[in-house]
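First the proteins, then the strands, lettered A, B, ... as listed; each starts at 1. Heavy-atom basis, side chains included; hydrogens, waters and symmetry copies ignored.
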2 protein chains.
Amino acid sequence: MARDLDIRVAIIEDDETIREGYAYLIGNTEGYKVTGTYPSYEDAARKIAHDDPDVLLLDVELPGISGIDALPKLKKILPEAYILILTVYEQEDLIFRALGSGASGYLTKNTPHEKIIAAIHEVMEGGGPMSAHIARMVISSFKRNEETPLTRRETEILEHISIGKSRKRIAQELFIDLETVKSHIKNIYHKLNVHSKADAIKAARDNKFI
Amino acid sequence: MARDLDIRVAIIEDDETIREGYAYLIGNTEGYKVTGTYPSYEDAARKIAHDDPDVLLLDVELPGISGIDALPKLKKILPEAYILILTVYEQEDLIFRALGSGASGYLTKNTPHEKIIAAIHEVMEGGGPMSAHIARMVISSFKRNEETPLTRRETEILEHISIGKSRKRIAQELFIDLETVKSHIKNIYHKLNVHSKADAIKAARDNKFI
DNA sequence: AAAAGTATCACCCTAAACAGGTGAATTTGT
DNA sequence: ACAAATTCACCTGTTTAGGGTGATACTTTT
């Protein structure tokens with residue numbers, strides 16, 4: 001058996017039972033090798049560079065520095081490693097912070113063992129493993145609201161505003177008069193019941209009109 | 001066998017071989033029922049409301065109206081149905097347009113048959129099935145650039161700017177002086193080599209600094 | 001064909017925001 | 001202790017934003 005082609009996996013998880021459970025599972029699966037297990041980020045930081053894992057399973061609730069905050073630091077220590085979040089939490093803000101910080105996947109802890117192995121394999125093959133519910137939330141985050149009160153043109157103009165363009169510039173880019181842009185903006189403000197750019201953008205974003 | 005608890009599936013796909021292949025596969029799987037197969041959106045539009053599927057498999061390359069453009073229309077006809085995109089295309093803009101228009105999943109056509117069945121099941125259970133490569137792209141779209149030249153404070157201020165807030169308002173919300181905000185903005189502009197809000201936002205977005 | 005909705009442009013007004021230059025004190029992080 | 005980051009000050013002038021009121025033309029729907 002080609003030991004040197006094994007996928008090298010490290011685990012950062014404070015609960016010893018869970019940590020050793022994963023280590024046992026992965027260590028006893030052919031093609032996978034556990035290079036290290038750590039109960040906290042602080043512990044991992046010292047040894048993990050030497051252990052050089054391909055994939056890192058990371059818990060979000062850790063003593064000391066949280067998994068989320070540890071993520072960018074771990075990314076710096078191991079720029080090439082894939083980091084998979086393993087957690088019980090399914091809060092949107094946590095998920096998006098983790099993905100924004102460079103996590104390559106997000107699994108909930110009820111994930112059956114064979115799926116964890118599959119996820120490690122998948123991330124090595126260029127995939128982005130997620131638990132079903134997480135995937136749904138991620139997809140939903142892209143979904144626009146069809147019930148927008150804004151017309152197509154108004155939506156278009158609000159989008160330009162939302163990237164900081166001035167009315168004059170919008171007018172130029174859309175080949176319409178500045179007065180027309182102003183007119184649309186007035187209508188947008190009325191419909192959204194706001195009196196400023198910032199509030200219009202916020203209202204539209206919150207309601208997924210843009 | 002409880003026929004009336006079957007998951008009702010419809011297929012819109014112009015290639016007859018593929019279409020009938022899927023129909024055969026799904027129709028012969030216990031717990032699934034094919035309520036209709038259509039070669040185009042125009043065909044589907046007439047009959048699909050009556051057929052009332054739970055899940056709709058939708059191809060993106062269709063004669064006449066494309067699958068992407070058909071998506072919002074189909075959503076109107078069948079607001080409760082889940083729509084799964086089935087396509088050979090993996091272009092980012094197509095993926096995000098589809099998800100923005102309300103697709104609940106995105107599968108590539110090399111997906112093995114058992115995974116298609118699994119995806120239909122998954123979407124009915126609250127998941128968001130995606131092919132591995134698609135999931136990776138979706139996750140990557142959230143990933144920030146760690147190599148940002150901006151400091152934490154500068155990034156924070158640029159984020160406030162990007163949602164349309166005025167300098168004065170930013171100063172108030174961050175409990176710092178207006179002059180300080182201006183100072184940060186000057187530095188941001190220098191670092192990004194721009195001379196306006198809009199260009200700063202664009203540069204930062206393009207590079208995933210915010 | 002009429003009505004409703006959308007998109008277009010015009011002219012008025014005032015206050016606020018923006019962009020840029022230069023310099024400097026203070027606080028943080030390593 | 002040093003460098004980087006954050007904070008504030010004072011100066012200049014130009015541009016933008018927000019709001020009121022009204023009107024014309026093009027689409028879509030009824």
Where the side chain of A:H190 is defined as all heavy atoms beyond and including C-beta, which of D:dT6, D:dG20, D:dC10 is the nearest nucleotide? D:dG20

A:E147 and B:K76 ion-paired at < 4.0 Å: no

Where along residues 144-167 of chain B does a heavy atom fall under 4.0 Å from DNA chain C? B:S166, B:R167

SB check B:K75 B:E80 (cutoff 4.0 Å): no

Minimum-distance nucleotide to B:Y189 side chain [options: C:dG21, C:dA19, D:dC8]: C:dA19

Where the side chain of A:S196 is defined as all heavy atoms beyond and including C-beta, which of D:dT7, C:dA10, D:dG18 is the nearest nucleotide? D:dG18

Need one value for B:K197: base, sugar-phosphate or nothing, where a base atom within 4.0 Å counts as base even if backbone is also close, heavy atoms only. sugar-phosphate

Counting only heavy atoms not in A:K191, do more than 12 fall under 6.0 Å of its NZ? yes

Suppose we screen for side chain to side chain contact (heavy atoms under 4.5 Å, CB included). Which residues come up paired with A:R167, at least two apart in sequence or across chains? A:L178, A:V181, A:K182, A:I185, A:Y189

Write down the distance between CD1 (A:I185) and C1' (C:dT8), rounded to a whole number of angstrom. 14 Å

To the nearest angstrom, how far is A:Q172 atom CD from D:dT16 atom C1'? 13 Å

Considering only NZ, NE, NH1 and NH2 on the basic side and carboxylate oxygens on the acidic side, decide whether B:E13 and B:K109 come within less than 4.0 Å. yes

For the pair A:N145 (side chain) and A:N207 (backbone), establish whether a donor and an acceptor sit closer than 3.5 Å, ignoring hydrogens and angles. yes

Checking A:S66 side chain against A:L62 main chain: does a donor-acceptor pair fall under 3.5 Å? no

Euclidean distance, atom CG of residue A:L178 to atom P of C:dA10 [Å, nearest integer]: 10 Å

Taking atom C1' of D:dG18 as reference, at what distance in whole Å does atom NZ of A:K168 sit? 17 Å

Just how far, in rounded Å, is P of C:dA10 from NZ of A:K186? 13 Å

Is the number of heavy atoms from other residues, nucleotides or ligands within 6.0 Å of NZ (A:K73) greater than 12? no

For B:L150, the option from B:E154, B:R152, B:R153 that meets side chain to side chain contact (heavy atoms under 4.5 Å, CB included): B:E154

Trace of the salt bridge (charged side-chain N to carboxylate O under 4.0 Å, His left out) decision for A:D199 with B:R169: CA-CA 12 Å; A:D199 293 337; B:R169 185 161 162 189; 3.3 Å; yes

Report which part of the nucleic acid A:H195 touches: base, sugar-phosphate, or nothing (heavy-atom distance under 4.0 Å, all strands). sugar-phosphate

Separation of atom CG in B:L192 from atom P in C:dA19, rounded to whole Å: 13 Å

Assign A:S183 to base, sugar-phosphate, or nothing according to its heavy-atom contacts below 4.0 angstrom with the strands shown. base

Sidechain N-carboxylate O distance under 4.0 Å for A:D206, A:K202: yes

Double-helix bend of the helix from C:dA1-D:dT30 to C:dG29-D:dC2, axes at both ends from 5 pairs, round to 10°, gives 90°

Residues that A:Y24 engages under ring pair (Phe, Tyr, Trp, His ring centres under 6.0 Å), provided they are two or more places apart: none

Find every protein N or O atom lying less than 3.5 Å from an N or O atom of nucleotides 25-30 of chain D, and list the pairs.
none

Hey, does the side chain of B:K208 reach the backbone of B:S141 with a donor-acceptor pair shorter than 3.5 angstrom? yes

Working for ring-ring contact (aromatic ring centres under 6.0 Å, His included), residues A:Y32 and A:Y22: CA-CA 12 Å; A:Y32 298 83; A:Y22 287 150; over 10 Å; no

Got a donor-acceptor contact below 3.5 angstrom from the B:R8 side chain to the B:P53 backbone? no

Whole-Å distance between D:dA23 C1' and A:E179 CD? 13 Å

Nearest-Å distance for atom pair CZ/C1', residues A:R169 and C:dC18: 14 Å

Ranking A:T180 and A:K191 by the position along DNA chain C of their nearest nucleotide, the one closer to 5' is A:K191

With the criterion being N/O to N/O and under 3.5 Å, what pairs connect the protein with nucleotides 28-30 of chain C, and how long is each?
none

Quick check on DNA chain D: between A:A198 and B:K182, whose nearest nucleotide comes earlier from the 5' end? B:K182

